[in-house]
2 protein chains.
Amino acid sequence: MVNPIEALNKIFDSRIRLGVMSILIVNDSVSFNELKQLLELTDGNLASHLNTLEQADYLKVQKAFIGKKTNTTYFITDLGKHAFKAHLDALEKMIKGV
Amino acid sequence: MVNPIEALNKIFDSRIRLGVMSILIVNDSVSFNELKQLLELTDGNLASHLNTLEQADYLKVQKAFIGKKTNTTYFITDLGKHAFKAHLDALEKMIKGV
DNA sequence: AAAAGTGCTTTGTTTTTCAAAGTTAATTAA
DNA sequence: TTAATTAACTTTGAAAAACAAAGCACTTTT
């Protein structure tokens, strides 16, 4: 038997990052503020997790003005989608004892 | 919509603890050494994660002698089974966007 | 007698998490 | 026009967690 945990993605150890990804995989764009409210996080905490995901190229950011008000929107990347799905597959396999 | 991550169990943030639980949920008893080999961990690291799970009453330990050689065996508790299943359910719900 | 295995505990470093405060720039309220 | 508020961070610092390595008591194997 192979080590069952090595296919799990370390980046998705975090509940928060899992939450972000599961939101972004179904909604193709979500604002900073929406994420903050959905996940009930402080600005700094959310920003740092988003940063971790961005560093990994799992999501990308778009800063825009709505009128003259800034709006920051997050999108999942293809890499992010694949990584997330691979993680879920690995989880499933692990649980099923394959 | 409710915060999707609050139903996730913080104890299962760790890949290692997830791995231990998924092994113990299908094998009703596993030795320290088997876990160590399956998960490719150092003694100290494994022991501390097992300790976290034990503190939570998610698993119990049985120390026995096989001949005169010590053997430490781990079992999942009912509480552990339920907590693990609840976590997996919460994960599934989160991913499906319920 | 020396080496190696079991199952830890202890120690200490590195990494991660998080809240709180500070920041820049715009917006609305008084 | 000044004050308060919102957005989206960054910085700081503290606490918690992860982890490897070493130590330990005991036993078996060589």
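Chain naming here is simple, since letters A, B, ... match the order of the sequence lines and numbering starts at 1 in each.
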Mind checking side chain to side chain contact (heavy atoms under 4.5 Å, CB included) for [X] and listing every partner two or more places apart, or none if nothing turns up?
{"X": "B/Gln37", "answer": "B/Asn33"}
{"X": "A/Val61", "answer": "A/Glu54, A/Lys63, A/Thr72, A/Tyr74"}
{"X": "A/Thr42", "answer": "A/Asn45"}

Separation of atom [atom1] in [X] from atom [atom2] in [N], rounded to whole Å:
{"X": "A/Arg15", "N": "C/dT17", "atom1": "CZ", "atom2": "P", "value": "10 Å"}
{"X": "A/Leu18", "N": "C/dT17", "atom1": "CG", "atom2": "C1'", "value": "15 Å"}
{"X": "A/Leu46", "N": "D/dT6", "atom1": "CG", "atom2": "C1'", "value": "16 Å"}
{"X": "B/Glu54", "N": "C/dC8", "atom1": "CD", "atom2": "C1'", "value": "12 Å"}
{"X": "A/Asn71", "N": "D/dC9", "atom1": "CG", "atom2": "C1'", "value": "14 Å"}
{"X": "B/Gln37", "N": "C/dG7", "atom1": "CD", "atom2": "P", "value": "10 Å"}
{"X": "B/Leu50", "N": "D/dC19", "atom1": "CG", "atom2": "P", "value": "13 Å"}

Would you say A/Thr42 reaches C/dA19's phosphate, i.e. side-chain N/O to OP1/OP2 under 4.0 Å? yes
Closer than 4.0 Å, any side-chain N/O of A/Tyr74 to the OP1 or OP2 of D/dC9? yes
For A/Arg17, give me all partners under salt bridge (Lys or Arg N to Asp or Glu O under 4.0 Å), at least two apart in sequence or on another chain. none
Quick check: closest heavy atoms across A/Ile95 and B/Ser22, and the distance to 0.1 Å? CA-CB, 4.2 Å
List the residues meeting side chain to side chain donor-acceptor pair (under 3.5 Å) with A/Asn51, not counting sequence neighbours, and say none if there are none. none
Could you list all the ring-ring contact (aromatic ring centres under 6.0 Å, His included) pairs where at least one residue sits in residues 21-58 of chain A, not counting sequence neighbours? A/Phe12-A/Tyr58
Which residues, if any, of residues 29-36 of chain A bring a heavy atom under 4.0 Å of DNA chain D? A/Phe32, A/Asn33
Per the salt bridge (charged side-chain N to carboxylate O under 4.0 Å, His left out) rule, what does the pair list look like for residues 79-89 of chain A, sequence neighbours excluded? none
Nucleotide N/O to protein N/O under 3.5 Å, stretch nucleotides 10-18 of chain D:
from   : atom 1 : to      : atom 2 : distance (Å)
D/dA18 : OP2    : B/Arg17 : NH1    : 3.1

Checking B/Asn3 side chain against A/Leu39 main chain: does a donor-acceptor pair fall under 3.5 Å? yes
